[in-house]
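Have a look at the structure below before the remarks.
In what follows, every heavy atom counts, from backbone to side chain, and hydrogens, waters and symmetry copies are set aside.
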Amino acid sequence: MARLFPIRHVMGYIFSLVLSLVALGVIYWDLTFTGAMVILIISALIQASLQLVLFMHIGETSSKKTLYINIAYAVFVGLVTIFGTLFTMVWGMS
Amino acid sequence: MKWDEFFVTGEPMIYGADISIVLVSLAIIIGLTYFKKWGYLWREWLTTVDHKRIGVMYIISALLMLFRGGVDALLMRTQLATPDSKFLDAQHYNEIFTTHGVVMILFMAMPFIIGMMNVVVPLQIGARDVAFPRLNAVSFWLFFSGAMLFNLSFVIGGSPDAGWSAYFPLASNEFSPTVGMNYYSLALQISGIGTLLTGVNFIVTILKMRAPGMKLMRMPMFTWSVLITNVIILFAFPVLTVALALMMFDRLFGTQFFTMANGGMDMLWANLFWVWGHPEVYIVVLPAFGIFSDVISTFSKRNLYGYKSMVVSMVAISFLSFLVWAHHFYTMGTGAMVNSFFSITTMAIAVPTGVKIFNWLFTLRKGKISFTSPMLYAMAFIPIFTFGGVTGVMLAMASADYQYHNTMFLVAHFHYVLIPGTVFGVVAGMHYWFPKMFGFRLNERLAKWAFWLIVVGFNTAFMPLFFLGLDGMTRRTYTYSAATGYGPLNMVATIGAFVCAIGFVVLCYNFYYSFRHSPRDENGDPWDARTLEWSTPSPVPAYNFAKMPIVNSQDAFWYSKKQKVPLYEDGPYEEIHMPSNSGQPVILGIIMFFLGFFLVFSWFIPAIIAGIGVVIMLAVRSFERDHGYHISAKEIAATEQKLRGDTV
């Protein structure tokens with residue numbers, strides 16, 4: 001029975017809830033802008049890795065090439081969306 | 001909430017629609033009961049996990065939505081045909097152009113494309129089904145419940161009226177106080193999840209389930225285009241999911257993401273919408289490119305010219321499609337740097353597209369061309385799409401765009417891209433693969449009538465809009481005065497729209513006519529085609545291929561025919577493992593529909609109950625043990641004997 005219990009998934013679920021609460025806490029704690037952003041970015045990165053490793057089983061594949069192409073494309077689209085939005089909506093404003 | 005806010009009232013046309021909806025639903029229920037077809041419908045269609053049947057259901061839904069969106073288009077054109085027309089009022093017109101856009105892109109083009117993928121891709125790569133058949137059924141039912149939820153807005157609660165792009169602040173509670181935009185956010189969210197699951201499913205299918213010997217560079221071009229499309233889906237749709245969720249929070253729970261006060265940013269919606277929206281354009285057009293590639297190569301009797309450059313150009317398009325979105329709002333008032341950047345990337349995307357156009361032309365060169373109906377659509381596509389593309393480059397120039405922005409010129413441009421690109425593509429594909437789906441060809445004479453009516457009607461309808469746009473007629477205006485001089489060209493456009501509509505009616509009449517009169521297909525390869533799907537009998541047996549095909553080159557089926565080498569190994573049949581049907585996807589779809597419906601009206605207690613229902617369905621699936629079933633070798637031999645005769 002112990003072997004059948006999905007302990008990794010349950011722990012992952014609890015961790016992701018905790019991380020979400022930490023991110024939510026930024027509103028309630030009295031923080032500077034930099035402090036708040038640091039907490040948000042770090043918790044977001046941990047959250048993303050948690051999802052990828054525990055729930056999407058990244059690294060459990062035999063073909064490393066597909067994996068790296070996939071990650072590279074995802075990073076490309078993610079960065080384009082984030083920095084493109086900042087470029088368009090904030091930095092590029094005249 | 002009062003009853004007259006719940007039901008849409010006050011318009012004679014709406015009452016007519018109410019009555020016809022009730023009558024049609026009654027007719028369907030009575031018909032199914034009278035002919036005792038409920039069991040058949042449930043067993044063979046609603047619970048199916050067979051990719052071919054799911055594909056057919058996608059295509060039928062897409063055709064229904066084509067007529068819904070088409071009627072919207074005709075109502076708009078009727079209103080605009082004459083100056084100062086009183087046919088529709090401003091509010092009704094707003095609702096109609098909004099639903100026309102949403103229905104045509106998300107509930108017509110998308111399911112038509114996905115239906116084609118479903119029917120064709122596993123057959124083209126020599127697979128027995130998609131990688132996750134049950135998930136595929138979930139995709140379909142989520143799409144379908146989203147589509148039904150969206151269409152319900154028309155009679156219950158009121159349609160969305162802020163345009164298909166739903167720009168804030170217009171789409172906020174302040175300026176759109178009815179539930180219309182709630183329908184928009186929830187219906188698109190539900191069907192969007194379905195599309196995302198399709199993306200995952202088909203990437204895995206194409207990467208993992210190809211027949212022995214079919215390397216990536218031996219895949220048919222349609223399969224390649226579908227692979228790239230699904231990669232774009234996988235990376236673009238999450239942005240829409242997030243944007244729609246933020247919109248829902250703004251509208252239902254009072255957050256301030258897209259408001260104009262309290263730190264909200266209204267244009268951030270437009271930004272996020274188009275981060276998804278521009279890749280979306282390529283999601284609907286790339287598979288059509290794939291269809292045209294296969295059709296042109298088959299009916300020119302030549303292999304596709306520049307196969308590698310076709311693949312490379314599609315990969316390039318998939319990258320560039322994520323780098324151009326701000327060209328949809330050049331006039332927002334951002335700096336010259338931003339507009340120049342997006343201007344250049346937008347023009348760059350014309351290069352790989354141009355490569356593809358030349359590849360098709362060179363495939364035709366010295367080919368033995370036969371002008372069948374799918375080929376006619378492909379031939380019409382090349383020049384008309386080039387018109388659309390060139391006007392797109394005109395719009396890409398940021399400074400010039402200040403003149404064209406939101407005029408009829410833009411409307412003409414994107415219809416000139418989407419109709420020959422997507423609509424001609426899927427219609428060509430439907431004619432081409434129809435014998436594979438149903439075992440008989442569509443009547444060529446009627447198909448050609450429909451083709452000419454659609455092509456002539458389309459050009460008559462949209463060519464005048466270029467000139468109206470240059471003359472200054474803006475899009476989304478519900479009327480204009482005679483003094484503007486827009487009257488005559490608008491009348492021409494309206495006549496064109498009706499001719500085009502007649503074309504689509506003929507196209508659908510052809511289903512009935514061919515069902516009655518067309519000779520049945522004998523050998524599974526009526527077009528003398530090149531790719532694996534034509535090597536199996538039509539209509540295709542549930543297991544697709546009795547034995548796995550062996551692939552040694554591109555167009556393996558063609559070379560096996562020409563060089564008389566067998567495509568299949570000799571030897572006895574082996575039993576085949578198949579996935580079993582399941583009612584869970586359709587039940588999940590129904591629960592999601594109610595979840596969405598309750599949220600639209602902010603009825604949170606019922607919504608929570610429906611939400612618990614969704615969680616229960618997921619749990620049931622997690623604890624289910626379903627190992628599928630096996631088709632015995634004897635049964636396969638009997639089926640093959642029946643379908644192929646004694647030759648095998």
Side-chain angles (χ1 to χ4, degrees), chain A residues 1 3-10 12-13 16-17 20 23-24 26-28 31-33 36-37 40 44 47-48 51-52 54-58 60-94, chain B residues 200 203-204 206-208 216 227-228 230-240 242-243 255-256 258 263-276 278-279 315 318-330 332-342 345 398 622-623:
Chain A
M1 191 61 207
R3 277 192 16 248
L4 286 176
F5 188 75
I7 187 75
R8 280 161 61 88
H9 290 85
V10 174
Y13 181 63
S16 58
L17 283 181
S20 306
L24 188 67
V26 166
I27 307 175
Y28 297 103
L31 293 167
T32 59
F33 180 76
M37 285 308 278
L40 281 179
Q47 180 80 273
Q51 300 288 331
L52 282 171
L54 287 181
F55 295 108
M56 299 186 185
H57 306 280
I58 202 167
E60 289 179 23
T61 170
S62 52
S63 100
K64 290 281 174 238
K65 199 179 137 201
T66 329
L67 185 67
Y68 290 131
I69 293 175
N70 208 341
I71 293 176
Y73 201 79
V75 168
F76 165 77
V77 174
L79 292 180
V80 162
T81 309
I82 295 165
F83 289 98
T85 300
L86 285 169
F87 173 56
T88 312
M89 305 303 295
V90 182
W91 301 332
M93 280 290 181
S94 54
Chain B
V200 176
I203 292 174
V204 180
I206 296 173
L207 290 181
K208 293 286 180 193
L216 281 177
L227 175 63
I228 291 168
N230 282 295
V231 171
I232 306 180
I233 287 180
L234 191 63
F235 289 109
F237 266 76
V239 181
L240 179 72
V242 170
T255 57
Q256 309 276 332
F258 303 128
M265 197 184 227
D266 48 348
M267 279 306 283
L268 184 61
W269 164 265
N271 182 74
L272 289 177
F273 181 85
W274 288 114
V275 169
W276 160 79
H278 202 86
V315 173
S318 81
F319 268 98
L320 285 170
S321 70
F322 283 97
L323 295 171
V324 297
W325 75 89
H327 69 213
H328 294 272
F329 46 93
Y330 280 144
M332 177 175 78
T334 188
M337 180 65 193
V338 174
N339 278 1
S340 316
F341 176 84
F342 285 101
T345 52
S622 301
F623 289 104

Practice item. Would you mind checking which part of B/F319 comes under 4.5 Å of any heavy atom in chain A, side chain (CB onward), backbone (N, CA, C, O), both or neither? Key: both
Review point. Does atom CZ of A/F55 have more than 12 heavy-atom neighbours, drawn from other residues, nucleotides or ligands, at distances under 6.0 Å?
Key: yes
Point to revise | Side-chain heavy-atom pair B/M337, A/F87 within 4.5 angstrom cut-off | key: yes
Exercise for review: Pick one of side chain, backbone, both or neither for B/L268, based on which atoms fall under 4.5 Å of a heavy atom in chain A.
Suggested key: both
Practice item. For chain A, find which of B/S318, B/P238, B/A236 contributes the most heavy-atom pairs closer than 4.5 angstrom. Key: B/S318
Review point. What residue in B/F341, B/F322, B/F235 has the most heavy-atom pairs under 4.5 Å with chain A?
Key: B/F235
Practice item. Measure the spacing between CH2 of B/W274 and OG1 of A/T88 and express it to the nearest 0.5 Å. Key: 14.5 Å
**Study point:** pair B/L323-A/F76: side-chain heavy atoms closer than 4.5 Å
**Key:** yes
**Study point:** Which residues share a ring-ring contact (aromatic ring centres under 6.0 Å, His included) with B/F258, sequence neighbours left out
**Key:** B/F168, B/W269
Exercise for review: Working to the nearest 0.5 Å, report the span between CG of A/N70 and CG of B/L234.
Suggested key: 7.0 Å
Review point. Considering only heavy atoms from C-beta outward, does the side chain of A/V80 approach that of B/W325 to under 4.5 Å?
Key: yes
Review point. Once you round to the nearest 0.5 Å, how far does CE of B/M265 lie from CE of A/M89?
Key: 4.5 Å
Revision key, fill the gap. In this structure, OG1 of A/T81 is separated from CG of B/L272 (nearest 0.5 Å) by 8.5 Å
